[in-house]
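First up is the structure itself, then whatever we jot down about it.
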Amino acid sequence: MSQLPDGASDLADAAALDAADPLAGFRDAFVHAEDEPDLIYLDGNSLGRLPVASVALAAEVVEAQWGRRLIRSWNEGWFELPTRIGDRLAGVVGAAPGEVALADNTSVCLYKAAVAALQARPGRTRILTDDLNFPSDVQVLRAAARAAGPDHEVVVVPSDGVHGPLDGLLAEMDDGGVALVSLSHVAYMSGWCWDLAAVTAAVHEAGALVLWDLCHSVGAVPIDLGAAEVDLAVGCTYKYVNGGPGSPAFLYVSADRPELVNPIAGWYGSDDPFAFDFDAGRAPDVSRFLTGTPPVLSTALVEPGVDLLLEAGMDRLRAKSVALTERFIALVDEHLVPRGFELRSPRDPDLRGAHVSLFHPDALAVDQALINEESVIPDFRPPDLLRFGFAPLYVRYADVDEAVARTVRVVDGGGIDRWRDAKPAVP
Ligand SMILES: Cc1ncc(COP(=O)(O)O)c(C=O)c1O
């Protein structure tokens, strides 16, 4: 391990914090490549690590279930996978059984949910979101507005780039024309975390429906969709849920909203897919939002990650991720701000998720030097931000110190000049 330069830091010793960490054991539930023992992985907010249990499960699903049992496996667990694992994930987001199903990807789930909401609010023509939202979400919301008719529009409320624009949002809700408010619970760039219950209550007060994108909060922040009376939510499972690259998304539809109709009806959302009936009725619970055959292999592999979250408990995970991000920000202030970095996440831990964004004029070069010279993996978001994700299941306090120390080394050691011309396809 390298050392941070001397400074005024009075932070507790990282090794002591790791030794006392009640979640420390969960790190061993993930695969760590033996030939890269020094790797510090701070991109679990993009792609989570591989759970050890998923390795054996993948072999079981491919070799035994597909290879030996063949089509009989549909009657031996495959058919229920999206809703059975959805019911387990419901325990992570404060939903009831029958309200969460794995399906599609986040963008497609968002489209289904948005169109359903617009159809349930005839006469209202506006969808509200903010400019912290993920670009795919805004593209999807615009597509949903187009599908609803030429009078529909998406209003993107501007922010300061870091904090959610609550006042602007409330002002836009005033006129009774808003059908749907759709926001990312935790913003993908700045890490801003909305007060999900308070915003939901304000949206309902205005007579609109709410649709939350939980991609950056599920598995990172405690969520209680039921207590907040959320109508609709979507999220991915490949970040803090550790479901694997391209793993299916999830969709939550409140049991109190039976009027919401899946706009992409298909046999898997019917009440009897194998009746092969043109006029089949719709399933009563969230499974009415399913459409076609689920991707069995990737759906099955979501479960080990969900199990780990349930075992660790969201309150303990949140406490650790706050401690990790607080430590990181303190070290950034001390060592990286003097080297040209600026915090671009909320300073108040109650207002941010589990990742922290830093501005640097040469952010891409810093990112590439960290990855290629220092075995630290953050990510880069154009034009000038680095994101550092602190997935509390496997990031250690010592990793925080070490990541800052190596970033100092990049800047002081000429790494920026060596990587200034790098143009990776996926930064
Ligand atoms: C907040 C947010 N919403 C939506 C998406 C898009 O997800 P998908 O590619 O599964 O549609 C992402 C992807 O990273 C995201 O971060």
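Counting convention: from 1, in listed order, for ligands and their atoms alike. These figures come from a predicted structure and were not determined experimentally. Below, each value reflects all heavy atoms present in this structure, side chains not excepted, and no hydrogens, waters or symmetry copies.
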>> Within the supplied structure, the quantity of interest is the number of heavy atoms (other residues, nucleotides, ligands) at a distance under 6.0 Å from Glu205 CD; does it exceed 12?
In response: no
>> Using the side chain to side chain contact (heavy atoms under 4.5 Å, CB included) criterion, which residues pair with Val108? Sequence neighbours excluded.
In response: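 Val108 satisfies side chain to side chain contact (heavy atoms under 4.5 Å, CB included) with Asp104, Asn105, Lys112 only.
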>> Ala422: which residues meet the side chain to side chain contact (heavy atoms under 4.5 Å, CB included) condition with it, sequence neighbours left out?
In response: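 Testing Ala422 for side chain to side chain contact (heavy atoms under 4.5 Å, CB included), a comparison that skips the adjacent residues, returns Gln368, Trp419, Pro424.
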> Could you state the interatomic distance from CZ (Arg88) to CG (Leu102), rounded to the nearest 0.5 Å?
Replying inline: 12.0 Å
>> My understanding is that only residues two or more places apart in sequence, or in another chain, count here; which of them pass salt bridge (charged side-chain N to carboxylate O under 4.0 Å, His left out) with Glu229?
In response: none
> Which class fits the ring pair His163 and Trp192: parallel under 30°, tilted 30 to 60°, perpendicular over 60°?
Replying inline: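 His163 vs Trp192 ring planes: perpendicular.
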Distances for all N or O pairs of ligand 1 and the protein under 3.5 Å?
residue  : atom   : partner : partner atom : Å
ligand 1 : 3 (N)  : Asp137  : OD1          : 3.2
ligand 1 : 3 (N)  : Asp213  : OD2          : 2.6
ligand 1 : 7 (O)  : Tyr238  : OH           : 3.2
ligand 1 : 9 (O)  : Tyr238  : OH           : 3.4
ligand 1 : 10 (O) : Thr106  : N            : 3.1
ligand 1 : 10 (O) : Thr106  : OG1          : 3.2
ligand 1 : 10 (O) : Tyr238  : OH           : 3.0
ligand 1 : 11 (O) : Thr106  : N            : 3.4
ligand 1 : 11 (O) : Ser107  : N            : 2.8
ligand 1 : 11 (O) : Ser107  : OG           : 2.6
ligand 1 : 14 (O) : Lys239  : NZ           : 2.9
ligand 1 : 16 (O) : His216  : NE2          : 3.1
ligand 1 : 16 (O) : Lys239  : NZ           : 3.4

